[in-house]
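One-based numbering, in listed order, for ligands and for the atoms of each. Residue indices begin at 1 and follow the sequence shown.
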Amino acid sequence: MSRKVMIMDHPLIAHKLSILRNENTPSVQFRTLINEISQLMVFEATRDLETEPVDVKTPCGVAKCRQLSGKKLAFVPILRAGIGMLDGVMELVPSARVGHIGLYRDEETLEPHEYYCKLPHDIAEREVFVVDPMLATGGSACDAIKLIKKRKPKKISFLCTVAAPCGLEKLKEEHPDVDIYCAALDDGLNENGYIIPGLGDAGDRIFGTK
Ligand code: PRP
Ligand code: URA
């Protein structure tokens with residue numbers, strides 16, 4: 001099966017994004033919205049999970065049902081802003097394991113620098129969803145996925161809220177086997193490497209820093 005690159009096209013996501021982007025939206029509402037959007041995205045990103053038949057006894061008979069068969073998922077937020085998506089996705093898949101990758105972008109060079117990496121010990125048996133609200137130059141996403149690939153997971157998908165075209169192209173080129181889901185694809189980057197129109201600094205808006 002060829003890999004998926006999906007720019008989400010859904011009225012609920014579009015509506016929530018319009019409030020998320022607004023510079024006057026406070027952190028408390030920003031956090032709620034980014035989790036809600038992530039939840040809607042993971043709903044789509046898990047569409048191909050395998051299921052198996054199961055008979056379930058209801059009060060009125062036996063229902064032919066389906067349950068997840070693989071069940072082994074892991075979410076990996078890229079610190080810090082990726083943490084803002086975690087509650088939303090975990091609500092839909094509470095049994096998933098969570099790994100963390102810490103990367104910060106040098107403000108001058110825009111190069112990512114790793115400062116933390118802790119992944120589930122059995123990640124090789126899991127399907128991994130990397131989450132980060134922003135795909136700007138693509139450097140952070142590509143490096144995080146490189147780190148995860150060393151541990152040979154079954155599959156990797158990347159979920160972001162807003163992507164810039166150059167970041168999306170870099171990710172597609174460097175990781176042609178990774179499915180990509182973006183809530184929005186924006187116009188480009190400004191001279192400081194911020195997505196335009198974007199939503200500003202996602203980490204600062206989630207955590208109320210700055
Ligand atoms: C932001 C964002 C991504 C990265 C995207 O993190 O959360 O990880 O920038 O930019 P890139 O595609 O050009 O690499 P940042 O480095 O600002 O760190 P923070 O989450 O700790 O604020
Ligand atoms: N990181 C952010 O938080 N926002 C951007 O627009 C780009 C990178």
Side-chain angles (χ1 to χ4, degrees), residues 5 7-8 16-27 29-35 37-38 41-42 74-89 98-119 128-149 156-176 178-210:
V5 176
I7 313 302
M8 309 295 291
K16 289 175 192 296
L17 262 175
S18 76
I19 308 169
L20 188 79
R21 288 182 189 272
N22 190 321
E23 62 181 355
N24 296 318
T25 297
S27 286
Q29 195 182 5
F30 191 92
R31 283 194 295 270
T32 302
L33 286 162
I34 212 156
N35 273 309
I37 293 168
S38 308
M41 290 176 74
V42 96
F75 291 110
V76 178
I78 301 178
L79 307 181
R80 109 209 100 138
I83 289 285
M85 299 169 72
L86 192 60
D87 284 351
V89 297
V98 180
H100 295 85
I101 292 182
L103 295 173
Y104 73 88
R105 220 170 53 141
D106 183 290
E107 283 181 10
E108 300 295 325
T109 65
L110 303 183
E111 287 296 319
H113 294 273
E114 181 194 339
Y115 59 89
Y116 189 75
C117 180
K118 180 86 178 169
L119 299 171
V128 175
F129 295 82
V130 182
V131 298
D132 188 331
M134 310 308 280
L135 181 66
T137 66
S140 304
C142 286
D143 279 13
I145 291 169
K146 230 179 276 169
L147 278 171
I148 296 167
K149 278 189 175 172
I156 303 178
S157 300
F158 179 79
L159 275 63
C160 71
T161 316
V162 184
C166 59
L168 182 58
E169 284 312 308
K170 181 179 166 74
L171 183 54
K172 280 163 63 177
E173 205 176 299
E174 287 195 20
H175 296 290
V178 169
D179 286 349
I180 305 169
Y181 299 85
C182 313
L185 181 62
D186 276 13
D187 300 341
L189 300 180
N190 69 13
E191 62 282 9
N192 300 316
Y194 278 83
I195 298 175
I196 40 176
L199 46 77
D201 188 303
D204 283 344
R205 295 200 65 185
I206 290 166
F207 297 109
T209 43
K210 208 166 233 173

Applying a strict 4.0 Å limit to heavy atoms, is Arg205 in contact with ligand 2?
no

Note: ligand 2 atoms sitting under 4.0 Å from heavy atoms of Ala202 are 2 (C), 3 (O)

Looking at Ile34 and Gly84, what are the two nearest heavy atoms and their distance?
CG2-O, 3.1 Å

Compute the shortest N/O to N/O distance between Gly200 and ligand 2 and return yes if it is under 3.5 Å, no if not.
yes

Residue, atom name and distance, where the atom is the protein heavy atom closest to atom 2 (C) of ligand 2
Met134 CG, 3.5 Å

Phe129 vs Phe75 aromatic rings, parallel, tilted or perpendicular, using cut-offs 30° and 60°?
tilted

What are the distances between nitrogen or oxygen atoms of ligand 1 and protein nitrogen or oxygen atoms, counting only those under 3.5 Å?
unit_1	atom_1	unit_2	atom_2	d
ligand 1	7 (O)	Asp132	OD1	2.9
ligand 1	8 (O)	Asp132	OD2	2.5
ligand 1	12 (O)	Ala136	N	2.9
ligand 1	12 (O)	Thr137	N	3.1
ligand 1	12 (O)	Gly138	N	2.8
ligand 1	13 (O)	Arg105	NH1	2.8
ligand 1	13 (O)	Thr137	N	2.9
ligand 1	13 (O)	Thr137	OG1	2.6
ligand 1	14 (O)	Ser140	N	2.9
ligand 1	14 (O)	Ser140	OG	2.5
ligand 1	16 (O)	Arg105	N	2.8
ligand 1	20 (O)	Arg80	N	3.1
ligand 1	20 (O)	Ala81	N	3.1
ligand 1	21 (O)	Arg80	N	3.3
ligand 1	21 (O)	Arg80	NE	3.1
ligand 1	22 (O)	Arg80	NE	3.2
ligand 1	22 (O)	Arg80	NH2	3.0

In terms of residue, atom name and distance, what is the protein heavy atom nearest to atom 6 (O) of ligand 2?
Ile195 N, 2.8 Å

For ligand 2, which atoms have a heavy atom of Gly193 less than 4.0 angstrom away?
7 (C)

Compare all side-chain heavy atoms of Ile145 with those of Val128 and state whether any distance is below 4.5 angstrom.
no

How would you list, by chain and number, every residue that makes a side-chain contact (heavy atoms from CB on, under 4.5 Å) with Pro26, sequence neighbours excluded?
Val28, Gln29

Mind checking whether Ala136 contacts ligand 2 via backbone (N, CA, C, O), side chain (CB onward), both or neither, at a 4.0 Å heavy-atom cut-off?
side chain

